Amino acid sequence: MKKISRKDFGIFAIQLAVWALILLLPPLAVVLTTHNWSNTVTMAVFVWGMMHSPFILYFLNFYLLGPWLFFKRRTLLFVLVNILVIVALNFGFLFIGRPHGPHHHEMPDQAWIGFYSGIFSYLVLNCVVIAVAIGIRHFLEVRKIKQQLEEERHKSTEAELAWLKSQINPHFLFNTLNNISSLTQIDADAAQDAIAQLSDLLRYAIYETNKPKVPVGGEVEFMKNYIGLMKLRCNEKTEVRTYFDISQNVDVAPLLFISLVENAFKHGVSSNRESMIDISMVQENDSLIFVCENSNYAKDDHDRSGSGIGLENTRRRLELMYPGRYVWEQSDENDKFFVKIQLHL
């Protein structure tokens, strides 16, 4: 059995209040204008006599016939049940209250027209009330479904973002440890310093990035430290240039650009060829612009700059967190890989 929520009670109370206003407004107008309780009671009885059928039909269709019959495509049964209910509720008015007697055939044509027009209008009123009840129920059901879909989509997005982010830290750690491993063969003291620096980086990655958004200043410091760590394994043939200009400490998704920096050092550095890495991030009004350009030394068909889990994760995270609010530019030509992200905050 479906559990009745507070929202369901609220919807019922609003509908009941509207109907109470419809039923009580005419008697209230009488008592305020005539101050006669007898006339007021007469008006209340008359209004209920006219409106009891629409009142009952409304709630019957909203809570029972609509969900059980109409929305389950049992249209014929829905129509038949409503006809029976209308006849049952208005039997006296439709049949017993018809003009009768030895002189009823002598009624003027205008009276007959008025009588049957009244019956027809009353039946139309009942049908309109049924349609309103079904329409309101349909509107609420559609809105409820949309809210449920939005909640499911939001949960799915959060789960995918968590999965993508869970891949970033191991990927980052794997690449960094490989670099430190190479460094131990060259300079053990530098390797020790690098391990201490890696500890600071991991502390930020694990403890400071467990929120949807983080200050961009922390991200800049993280990238600077990471770039400094990666430069330790570069020789004199590699030129690394960085430029950061952030005027306001706005919030961004954590570890959003680090995969691009990783790719630059992974695929843009050669031990025996001239190499370059150029990384910049500037803030212009409400936009954050990140640019990374690096030499592109292909390893094999399965390991090229701009491919792999890091770049794909970055694009997917942008699509999930900044849909319609980012511009991605990418090129791979003349032995150089270029990527630019313009993020509208």
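Because the structure is a prediction, the values reported are computed rather than measured.
In this structure, the side-chain contact (heavy atoms from CB on, under 4.5 Å) partners of Val132, at least two apart in sequence or on a different chain, are Tyr58, Val128, Ile136. Residues satisfying the side chain to side chain donor-acceptor pair (under 3.5 Å) test with Ser287, not counting sequence neighbours, are His344. Listed by chain and number, the residues in a side-chain contact (heavy atoms from CB on, under 4.5 Å) with Phe46 are Met43, Met50 (sequence neighbours excluded). Residues forming a side-chain contact (heavy atoms from CB on, under 4.5 Å) with Lys340 (at least two apart in sequence, or on another chain): Ile289, Val291, Glu329, Phe338. For Phe70, the side-chain contact (heavy atoms from CB on, under 4.5 Å) criterion is met by Phe78, Ile134, not counting sequence neighbours. Tyr322 is linked by a side chain to side chain donor-acceptor pair (under 3.5 Å) to nothing, counting only residues two or more places apart in sequence or in another chain. Partners of Ser270 by side chain to side chain donor-acceptor pair (under 3.5 Å), not counting sequence neighbours, listed by chain and number: Asn272.
When hydrophobic side chains of Ile, Leu, Val, Met, Phe, Trp and Tyr are connected at separations under 4.5 Å, Val45 ends up clustered with Val41.
Follow the hydrophobic side-chain contacts under 4.5 Å out from Leu318 and you reach Val216 in the same cluster.
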Start with the C-alpha distance between Phe290 and Leu343, add both sets of side-chain angles, then the distance that settles side chain to side chain contact (heavy atoms under 4.5 Å, CB included), and finish with yes or no. CA-CA 8 Å; Phe290 175 87; Leu343 197 62; over 6 Å; no

Output, in order, the C-alpha distance, side-chain angles, deciding distance and verdict of side chain to side chain contact (heavy atoms under 4.5 Å, CB included) for Val339 and Asn263. CA-CA 11 Å; Val339 61; Asn263 278 343; over 6 Å; no

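Side-chain contact check for Thr42 and Asn39: no donor-acceptor pair (N or O, by modelled atom type) lies under 3.5 Å.
In this structure, the side chain of Arg317 engages the main chain of Leu255 through a donor-acceptor pair within 3.5 Å.
For residues 267-287, every residue pair satisfying the salt bridge (charged side-chain N to carboxylate O under 4.0 Å, His left out) rule, not counting sequence neighbours, is listed here: Arg241-Asp278. Within the structure, ring pair (Phe, Tyr, Trp, His ring centres under 6.0 Å) contacts touching residues 124-152 (residues at least two apart or in different chains) do not occur. Residue pairs satisfying the side-chain hydrogen bond (donor to acceptor under 3.5 Å, both in side chains) criterion with at least one member in residues 74-85, sequence neighbours excluded, are listed as follows: Asn61-Asn82.
Note: Phe55 and Trp19 have perpendicular aromatic rings, judged against thresholds of 30 and 60 degrees for the angle between ring planes. Ring planes of His52 and Trp48: tilted class, angle from 30 to 60°.
A 6.0 Å sphere centred on CH2 of Trp328 holds more than 12 heavy atoms belonging to other residues, nucleotides or ligands.
Taking the side chain as every heavy atom from C-beta outward, Arg315 and Gln330 approach each other to under 4.5 Å.
In terms of heavy atoms, Leu125 sits closest to Pro54 at CD2-CG, 4.1 Å.
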Side-chain donor-acceptor distances from residues 22-34 under 3.5 Å, at least two apart:
{"unit_1": "Thr33", "atom_1": "OG1", "unit_2": "Ala29", "atom_2": "O", "d": "2.8"}
{"unit_1": "Thr33", "atom_1": "OG1", "unit_2": "Val30", "atom_2": "O", "d": "3.1"}
{"unit_1": "Thr34", "atom_1": "OG1", "unit_2": "Val30", "atom_2": "O", "d": "2.7"}
{"unit_1": "Thr34", "atom_1": "OG1", "unit_2": "Asn36", "atom_2": "N", "d": "3.3"}

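The pair Arg316-Glu312 does not meet the salt-bridge criterion, since no charged nitrogen lies less than 4.0 angstrom from a carboxylate oxygen.
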